[in-house]
Every structure is written in C-alpha cells, then in structure tokens.
Number of protein chains: 2
Amino acid sequence: MFGNGGKQTTIKDLAKYMKVAPSTISRALRDYPDISDKKKKEIRELANKLGYQPDSIAQSLQRGRTKTIGVIVPEIKHDFFSSVLDGIEDVAYKAGYSIFVCKSNEDYTREIINTRSLLSYSVAGIIVSISQTTQDTDHFDVVKMRNIPLVFFDRVCDIKANKVVVNDEQGAFEAVEHLIQSGYKRIVHLAGPTHLEISKNRIKGYRAALEKNGIQFRKEYIIDGGLDEEDGIRGFKKLMKLSPKPDAVFCVNDPVAIGVFMQCKEKKIRIPRQLAIVGFSDNPIASLINPPLTSVSQPAYEMGSIAAKMLLEEINSKSSLFKPKRRKLKTKLMVRSTT
Amino acid sequence: MFGNGGKQTTIKDLAKYMKVAPSTISRALRDYPDISDKKKKEIRELANKLGYQPDSIAQSLQRGRTKTIGVIVPEIKHDFFSSVLDGIEDVAYKAGYSIFVCKSNEDYTREIINTRSLLSYSVAGIIVSISQTTQDTDHFDVVKMRNIPLVFFDRVCDIKANKVVVNDEQGAFEAVEHLIQSGYKRIVHLAGPTHLEISKNRIKGYRAALEKNGIQFRKEYIIDGGLDEEDGIRGFKKLMKLSPKPDAVFCVNDPVAIGVFMQCKEKKIRIPRQLAIVGFSDNPIASLINPPLTSVSQPAYEMGSIAAKMLLEEINSKSSLFKPKRRKLKTKLMVRSTT
DNA sequence: CAGTTTTCCGCATACGTTTTCGGAAAAACC
DNA sequence: GGTTTTTCCGAAAACGTATGCGGAAAACTG
C-alpha cells in the first residue's frame with residue numbers, strides 16, 4: 001500500500017505516475033465534469049491502489065476552514081461533561097467532523113488560551129461550557145467577529161450565540177417543591193458560583209417553590225459555594241452551624257450532594273431522617289449509593305448531541321444573518337430514598 | 001484588535017504595513033539572528049497591536065506535522081477513559097499540544113476510519129486503547145510506516161510500539177488471593193473478550209492465585225463476556241446456573257461487577273454472605289455503593305499522563321531508532337465490604 | 001474545408017508559513 | 001580607496017490542494 005518509505009502519497013505523485021497535471025487528478029477524484037470517464041476510472045483505480053488519502057491540512061489551508069469542531073469544557077472526567085462529549089462526538093462523526101477537546105480546568109486564562117488555540121486551528125465551530133472563574137467573555141467576541149459558529153451549553157453567558165441549557169429554574173422548583181410536599185420545612189440551598197446563570201436560575205427555582213408554598217425565605221439558608229465535592233463538604237459544615245437546624249438540603253449539583261452525603265455518613269447523620277438531600281444532574285452514581293440519591297436528571301448526552309446539531313446547522317447556513325437560538329431541555333426529578 | 005472585518009491578520013498584512021518582506025516578519029517574530037533589534041521590536045509591537053496569531057494550519061502544512069496528538073478510545077463517558085483523557089490533556093497542554101479525541105464505540109471499522117482521519121490530519125502522534133471488536137491491527141502498521149509515534153494504553157495489542165498498562169496479572173492475583181484468604185472457595189471469573197491482552201492477563205492472575213493456594217481450577221468457572229454492565233448481568237445469570245453454586249466472583253472490571261451487584265440486589269442475594277464480588281479499576285462509584293465494592297485500583301489519570309509523556313518523548317526524539325518501551329503500573333487492591 | 005462548438009486538460013495562482021540562498025549596503029580592515 | 005567581512009534583508013520555493021481561465025484537439029456544423 002505504501003511504496004515510498006512512509007511518505008503520504010499525494011496528488012502530485014499520482015499526477016507524475018499518470019503523466020497528467022495535478023489539477024486533473026484533483027478534478028477526477030472530486031468527480032468534476034471536465035474529465036473523461038475513462039481517465040476518471042483510471043485515476044480512481046490508481047488512487048485506490050496507492051492508498052491515496054487527501055491531506056486534510058492542505059485542504060483546510062485552501063478552504064480556510066477545517067472539518068473540525070472545537071470543544072471547551074471545564075473538566076473531562078466529570079460524568080456530566082464526558083457524557084456531553086460523547087453526544088457531541090457521535091453527531092460530529094456522522095457529519096464527517098472530528099472534535100478537538102480542550103479542558104479549561106475551571107481556569108479563566110486557560111479558557112482564553114484554549115479559544116485562541118482553536119481559532120488558530122481554523123475550527124469550523126466551537127462548543128463551550130464556561131469555567132467557574134470566567135466573568136469576562138471578550139474572548140468569545142473574537143470568535144463571533146471571525147464569523148465562527150459558537151454554541152454554549154449548560155454554563156452559558158450572555159453573549160449573542162446559540163445556547164442549549166436545561167430548564168434549571170423548573171428543575172430546581174420541582175425538587176424543592178417535592179421536599180416541601182414530603183414535609184420538610186427548613187430547606188437549605190447549597191448554591192453554585194453566583195455569576196453563573198445556572199446558579200442564578202436554580203436559586204430562582206428554589207425561591208419560587210418556597211414562595212408558592214408559603215414558606216418564609218431566609219437569606220442565611222442560601223450558602224454560596226462551588227461545584228465540587230469539596231464544596232459540598234464545606235457547605236455541610238456551614239449548614240450544621242445554622243439554627244434552627246435545617247432538615248433538608250437542595251444541592252446545586254450531584255458532586256456537591258455527594259460531598260454532603262459523605263459527611264453525613266461520617267458524622268452518623270441519618271439520611272433522610274435527620275437530613276434530606278437532593279442533587280442535580282443525576283449522575284449514574286446517584287442511583288447506586290445507599291440510600292439512593294434523589295436528583296434532578298439532566299439529559300447530558302442529549303445536550304451534547306443537540307449542541308453539535310445546532311452548531312452544524314449554523315456552519316452549514318451560509319447566510320451570515322443567522323439567528324441564534326436557545327434550546328431549553330426538560331429536567332426530570334428522580335425521586336429516590338434521600339428524601 | 002481586529003480592524004479587517006473578521007479575517008485573521010496574517011504575516012503578509014504585517015509585511016505590507018511595515019513595508020518589508022514576509023520573511024522578515026517571520027524571522028523577527030521567531031527571534032532569528034539576522035534581523036536588527038530595532039526592527040524586531042517594531043515588528044513585535046505591531047504584531048501585538050494587531051493581535052497577530054500564527055495560523056496553525058499553515059504552519060502544519062509547512063512542517064508536515066501538527067502540534068496535535070490524536071487519541072482513540074472505545075468510549076468517552078466511561079470513567080476510566082475520561083480520567084485517562086484528563087491525564088493526557090494535562091500533559092499535552094503543558095507541552096503546547098492539543099488533543100484530537102476520537103471514539104471507536106468499540107467498533108473495529110470505526111477505529112480504522114479514526115486512524116485514517118488522524119493520519120490525514122498529520123497528527124504528531126497517536127494514543128490508543130483498542131476496541132473490543134478489534135482483532136486485526138493492520139491499520140496501526142500504517143501509522144508506524146508513516147513514522148508517527150504511537151502509544152497504546154490498557155487495551156494494547158502486540159505491535160512494536162510504546163505501551164502503558166497496569167500489572168493486570170498481579171492485580172488479578174491479589175484480588176483472587178484475597179478472596180481465598182477470606183475463606184471463599186468456589187470463585188468464578190467473569191472474563192473479558194478473550195483476544196484482549198487484559199483479559200488474558202487477568203485470567204492468568206486468577207489461575208495463578210488458585211494454583212498457589214491449592215484450589216482446583218475448573219474450566220466452567222471462567223465465563224467469557226464483554227466489558228459492560230450488561231455483560232455483568234448476563235454473566236450473573238450464567239453464574240447462578242452453576243453447581244456447586246459459586247460463593248465469590250472476580251469480575252474483569254467494575255462495570256461488569258456493578259451489573260452483578262445490581263442483579264444481586266434485585267434477586268435479594270446477600271453480599272458478601274451469599275456472593276462476594278471483586279471488581280477491577282476502582283471507579284469512584286465503587287466506594288459509594290452499599291456495600292462498598294472491593295476493587296483493584298488502576299491509576300487511570302496517571303496512565304494517561306504517562307502515555308502522553310511517552311508519546312512526547314518519542315515525538316521529540318529525532319532518531320528513528322527509537323526503542324519502544326513498556327511501562328507497567330502497579331495496581332492496588334482496595335478491600336471494602338463486598339468481600 | 002473552413003468555421004464553430006464541445007470535450008478534455010494544463011497553467012498559474014492562491015491559501016499562510018518557513019527556510020534556503022544569495023545579494024546589497026554598511027562597516028571594518030590594510 | 002580597494003578589498004574583505006559583517007549586517008541585514010528580499011526573492012523564491014516549498015508544503016498539498018483547489019479552481020478560474022485559457023487553449024489544444026476533437027467533433028460537429030454548413
């Protein structure tokens with residue numbers, strides 16, 4: 001298959017071999033009308049025999065754009081993000097695209113470097129969930145200015161671009177209302193970073209549920225924090241100092257809930273008798289711990305595939321007057337035994 | 001920052017602006033000796049002002065190789081693989097490389113397409129864990145022939161290339177010996193696909209432990225299967241039909257163990273009283289289920305970072321007489337309550 | 001057979017970099 | 001002031017592909 005010591009067979013090689021111009025080869029392989037059927041057939045056979053494969057880099061340089069979509073996530077190993085990646089990859093693969101995965105590590109400057117890198121690689125589009133520490137979003141303006149399609153998912157910001165999120169407010173509302181209807185009255189919310197939209201929306205839902213059910217909102221019952229297990233542990237400690245003592249906690253996501261969960265185990269606090277717990281995102285782990293964690297299910301894989309589809313749509317819509325859309329997916333409350 | 005309507009500022013733009021040749025710009029920015037310090041400074045300032053960013057595609061075409069490393073994994077969302085990806089990304093990022101992530105979906109032909117795609121993108125190197133259905137490995141020969149560095153991890157094959165694995169045999173041995181020492185006598189092994197090295201090695205360890213402890217090996221106590229939860233469920237059903245009834249099961253990995261675990265819950269079989277379970281890979285879930293799962297811990301993140309380091313080493317070693325190495329990482333038995 | 005159309009293909013160029021080679025101008029030497 | 005050396009820079013080619021344009025040969029028209 002490869003007779004030339006490791007070098008890729010190029011269009012020029014074929015040209016020399018066939019004693020025609022490179023342009024002829026190119027046109028023959030792309031089935032242009034200006035080449036005789038006989039020659040096309042010959043060329044195709046030779047290309048097959050030598051295992052010719054067009055050089056994507058050269059094509060990209062010529063076209064000014066790659067068949068690649070860039071993805072920026074805060075973390076890869078988190079279940080939610082890896083499921084999203086999975087969804088993106090599947091859609092991209094089917095459309096003949098590859099994915100470039102960058103991790104921001106929840107770090108603002110690394111996110112900037114990542115976008116720059118993706119831009120310099122002329123990706124066809126970018127899908128991103130912003131990091132916890134990102135407050136300023138100028139780096140995404142540059143993407144828009146270069147006319148590169150952009151889709152945000154889950155952790156979005158208020159830039160004019162495609163977005164796919166879950167109905168965080170509704171999800172939070174249902175979770176908290178469920179707690180109330182189960183008889184809990186002193187419900188704490190371990191919230192995420194306040195500048196993130198998801199945090200705000202989940203707080204909104206929390207308050208709405210209290211309000212609707214005539215429960216007085218207390219400021220000290222919202223505990224700010226982050227999105228990791230450690231934040232859950234820290235949150236638990238703050239929570240235990242409150243008085244009157246809370247009887248339930250609604251966590252901004254599952255890792256935080258797991259942090260609380262583990263602390264309860266350690267301190268021998270009965271779940272849900274002494275403290276009820278609700279998480280958000282329904283990681284697979286939720287149903288397997290004991291007692292199984294009640295959590296708001298978030299369609300991660302679907303989010304990824306929808307984000308990718310939206311991106312491809314924008315890529316393929318030549319018109320620059322593309323109207324950004326916002327898809328809001330439904331959540332589903334998975335009631336288990338921690339409530 | 002961008003005054004030209006969305007187009008990337010190029011080296012030619014700078015050249016026109018400065019009224020010098022493009023080559024001068026290139027040399028100035030790369031700090032070549034042949035340019036006067038004064039001009040270098042001017043050029044750098046202009047480049048900064050216009051936000052010049054070298055076009056990676058053009059550089060790649062010129063160099064014949066990208067600053068990108070391709071990764072092929074069977075699945076993204078599995079905890080083990082996403083942790084490996086995490087490790088790879090971190091060291092790649094530090095070395096100025098980006099990663100191209102492809103998913104084979106445990107499918108042989110998709111794996112071939114993935115490698116082809118990576119080749120056509122002139123990646124600097126490839127890291128891969130082969131799919132369950134891969135028996136033939138010609139597609140990797142092509143990679144070697146193109147002199148592209150290659151590292152296998154976990155699911156390796158017998159190609160002459162860098163490899164990083166865990167000591168599967170030792171890990172399995174310790175797990176099974178632990179079972180024996182805990183008093184279990186009829187120990188079944190739910191094995192993986194037989195053509196994978198990991199499966200073979202874990203079987204070896206299983207047999208070695210039996211042998212050393214004077215327990216008769218029974219052919220029917222090895223149940224072939226796959227690597228997923230469903231395979232665990234299937235395995236459980238076969239296992240229950242055996243007589244005498246087994247009292248312990250050593251699973252080829254955690255998903256399989258979880259499958260068995262869930263079946264036990266469903267069928268009200270007491271763990272570990274009626275059936276002891278040991279998994280492999282120590283997913284985070286293992287410690288959180290009830291009872292917590294005994295499992296062989298496999299350093300996933302470290303595997304990724306080591307694989308990436310080996311790859312970079314090979315990339316940077318100009319000499320084509322590179323000697324493939326094999327790193328074997330240690331496992332650690334995490335004894336919990338299912339045994 | 002001259003003129004027109006059609007068929008088929010090559011030339012040249014562009015994409016943005018890097019790099020080799022060589023050459024002009026300035027500086028240094030005797 | 002002529003020769004050599006040094007300093008600095010430009011021209012051009014190359015990487016592999018795609019494409020507008022033009023041109024030669026063949027086929028068809030009258």
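Chain A is the first sequence line, chain B the second, and so forth, proteins listed ahead of strands; every chain is numbered from 1.
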Quiz item: Can you find a heavy atom in the side chain of B:F140 that is under 4.5 Å from one in the side chain of B:V128?
Solution: yes
What's the [atom1]-[atom2] distance between [X] and [N], to the nearest Å?
{"X": "A:K12", "N": "D:dA13", "atom1": "NZ", "atom2": "C1'", "value": "10 Å"}
{"X": "A:K67", "N": "D:dA18", "atom1": "NZ", "atom2": "P", "value": "13 Å"}
{"X": "B:K40", "N": "D:dC9", "atom1": "NZ", "atom2": "P", "value": "10 Å"}
{"X": "A:R30", "N": "D:dT17", "atom1": "CZ", "atom2": "P", "value": "11 Å"}
{"X": "B:R65", "N": "D:dG16", "atom1": "CZ", "atom2": "P", "value": "12 Å"}
{"X": "B:K38", "N": "D:dT7", "atom1": "NZ", "atom2": "P", "value": "18 Å"}
{"X": "B:K16", "N": "C:dG16", "atom1": "NZ", "atom2": "C1'", "value": "13 Å"}
{"X": "A:M18", "N": "C:dC9", "atom1": "CE", "atom2": "C1'", "value": "12 Å"}

Practice problem: With DNA chain D as reference, determine whether B:K19 or A:L61 sits nearer its 5' end, using the nearest nucleotide of each. | Solution: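 The answer here is B:K19.
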Quiz item: Mapping B:A58 and A:S23 to their closest nucleotides on DNA chain D, which lands nearer the 5' end?
Solution: B:A58
Quiz item: Under 3.5 Å, is there an N or O donor on one side and an acceptor on the other linking the side chain of A:R27 and the base of D:dG20?
Solution: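 Per atom types, the contact qualifies.
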[Y] backbone acceptor or donor facing [X] side chain under 3.5 Å:
{"X": "B:Q59", "Y": "B:P54", "value": "no"}
{"X": "B:T66", "Y": "B:A124", "value": "no"}
{"X": "B:D136", "Y": "B:D138", "value": "yes"}

Self-check item: Gap separating the OG atom of B:S104 from the CD1 atom of B:I130, nearest 0.5 angstrom
Solution: 9.5 Å
Is [X] touching bases, backbone alone, or none of the nucleic acid, heavy atoms closer than 4.0 Å?
{"X": "A:P54", "value": "sugar-phosphate"}
{"X": "B:D34", "value": "base"}
{"X": "B:I35", "value": "sugar-phosphate"}
{"X": "A:K39", "value": "sugar-phosphate"}
{"X": "A:Q62", "value": "base"}

Closest to the [X] side chain: [options]?
{"X": "B:Y32", "options": "C:dT19, C:dG10, D:dT17", "answer": "C:dT19"}
{"X": "A:S36", "options": "D:dT19, C:dC8, D:dG16", "answer": "C:dC8"}
{"X": "A:S26", "options": "D:dA18, C:dG10, D:dC9", "answer": "D:dA18"}
{"X": "B:Q59", "options": "C:dT17, D:dT19, C:dT19", "answer": "C:dT17"}

Self-check item: A:Y52 vs D:dT17: side-chain N/O to OP1/OP2 distance below 4.0 Å
Solution: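 For A:Y52, the contact criterion (side-chain N or O under 4.0 Å from OP1 or OP2 of D:dT17) is met.
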Quiz item: Taking NZ, NE, NH1 and NH2 as the nitrogens, is one of them in B:R326 or B:E197 under 4.0 Å from a carboxylate oxygen of the other?
Solution: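 The answer is yes: the pair qualifies as a salt bridge.
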